[in-house]
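As the structure is a prediction and not an experimental result, all values here were calculated from the model. These numbers come from the heavy atoms of this one structure, side chains and all, not from hydrogens, waters or symmetry mates. Labels below follow one simple rule: chain letters A, B, ... track the order of the sequence lines, proteins then strands, and each chain is numbered from 1.
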Amino acid sequence: MSKVSRPRTAAERKERLYRILDALSLRYPNVTCALNHADAWQLLVATILSAQCTDARVNMVTPELFRKFPTMQDLAVADVREVSEVIRSTGFFNNKAKSIVGAARTIIQDFGGEIPRTIEQLLTVPGAARKTSNVVLGTAFGIPSGVVVDTHVGRIALRLDLTKETNPVKVEQDLMKILPQNRWILFSHQLIHFGRELCVARKPRCGECPIEGLCYAKDKAVL
DNA sequence: ATCCCGAGGG
DNA sequence: CCCTCTGGAT
């Protein structure tokens, strides 16, 4: 595959975007969240744990965590040091343990023990900023509150020139403008899988890429 | 802008 | 050794 002509008009950019979306859906038709969870609470906890950590590592610690602390109430009254010991291998364990215990307390005290269904409310929960909130609302409840911008989505959006921003909040704003709302949730999951197996950070496998013909990141050396 | 922080890959 | 992994709070 040789050089790729860049779209000049809005119509051409839209056409290119939809080719990208079609190719992603062809390769990842029914992808969903890779964090194991039984309900919205467990998904929130798993997502907090996933910061700067692989999903495989998170899935190794959550079974023990939810065995020792089966319910939100159990974690609300848990010893933070005890929680941090269980989740140690995920890194940032002191901050994450505080967030998890604080989240349990906040949700019980402020929301009657129910995970909030609006992003405004969810953002008041310790450890839940836009990325985590979008994961929980989108995956657990099917509510498209935004586009999940994690390390993969941010990197690939930049490589595909879907944004010029590096700030995740700004990247999300750009993606929300160009993507149809009914694709927000699926798009995020697709890019996360795509970023894990092909469009990896260090040495992307462009030779196996289904959208190589729609990408011009190679000659830009974007990270 | 800085700090938090372990584990795996290259 | 250095880089990366489904970030968030200060």
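Between the side chain of A/Asn59 and the backbone N or O of A/Asn36, at least one donor-acceptor pair lies under 3.5 Å. A side-chain donor-acceptor contact under 3.5 Å links A/Gln190 to the backbone of A/Tyr28. Within the 3.5 Å criterion, the main-chain N or O of A/Leu75 finds no donor-acceptor partner in the side chain of A/Arg105. The main-chain N or O of A/Gly195 is found under 3.5 Å from a side-chain atom of A/Arg155 such that the two form a donor-acceptor pair. Put simply, the side chain of A/His193 never gets that close to the backbone of A/Cys33: no donor and acceptor are under 3.5 Å apart. Between the side chain of A/Lys98 and the backbone N or O of A/Val80 there is no donor-acceptor pair closer than 3.5 Å.
Computed from coordinates, the A/His37 NE2 to C/dT6 P distance equals 16 Å when rounded to whole Å. As a whole-Å value, the separation of A/Asp150 CG from C/dT6 C1' is 4 Å. A straight line from CG of A/Leu44 to C1' of C/dT6 spans 14 Å, rounded to a whole angstrom. Between the CE atom of A/Met60 and the C1' atom of C/dC5 there is a distance of 12 Å, given to the nearest Å. The interatomic distance linking A/Ile156 (CD1) with C/dT6 (C1') rounds to 11 Å, in whole Å.
Considering only side-chain N and O atoms, A/His152 lies under 4.0 angstrom from the phosphate OP1 or OP2 of C/dC5. For A/Arg155 and C/dC5, the shortest distance from a side-chain N or O to OP1 or OP2 is below 4.0 Å.
Nucleotides C/dG8 and B/dA7 have their P atoms positioned 22 Å apart, rounded to a whole Å. Rounded to the nearest Å, the gap between the C1' atom of B/dC4 and that of C/dC5 is 15 Å. Spacing of C1' atoms, B/dC5 relative to C/dC2, comes out at 16 Å, to the nearest Å. Of the C1' atoms belonging to B/dG6 and C/dT10, the separation is 22 Å, rounded to the nearest Å.
Taken residue by residue, residues 79-106 of chain A places heavy atoms nearer than 4.0 Å to DNA chain B at A/Arg88, A/Ser89, A/Gly91, A/Phe92, A/Phe93, A/Asn94, A/Asn95. Of the residues in residues 47-59 of chain A, those with a non-hydrogen atom less than 4.0 angstrom from any atom of DNA chain B are A/Gln52, A/Arg57.
Residue contacts for A/Pro168: at a heavy-atom cut-off of 4.0 Å it reaches no nucleic acid atom on any strand shown. Among the protein residues, A/Ala46 comes within range of no part of the nucleic acid, since none of its heavy atoms lies under 4.0 Å from any strand.
In A/Glu64, the CD atom is crowded: over 12 heavy atoms of neighbouring residues, nucleotides or ligands sit closer than 6.0 Å. The environment of A/Asp39 atom CG is dense: over 12 non-hydrogen atoms of other residues, nucleotides or ligands sit within 6.0 angstrom.
If you walk DNA chain B from 5' to 3' and mark each nucleotide with an atom closer than 4.0 Å to a heavy atom of chain A, the marks span B/dC4 to B/dG10.
A salt bridge links A/Glu15 with A/Arg19; the closest basic N to acidic carboxylate O contact falls under 4.0 Å. Between A/Asp174 and A/Lys164 no salt bridge is recorded (no basic side-chain N to carboxylate O distance below 4.0 Å).
At a threshold of 4.5 Å between non-hydrogen side-chain atoms, the residues A/Val153 and A/Leu175 count as touching.
Contact between A/Leu21 and A/Arg183 at its shortest, heavy atoms only, is O-NH2, 3.3 Å.
Closest to the side chain of A/Val135, from the set C/dC5, C/dG7, C/dT6, is C/dT6. Of the candidates C/dG8, C/dT4, C/dC3, C/dC3 carries the atom nearest the A/Arg202 side chain, counting heavy atoms from C-beta on.
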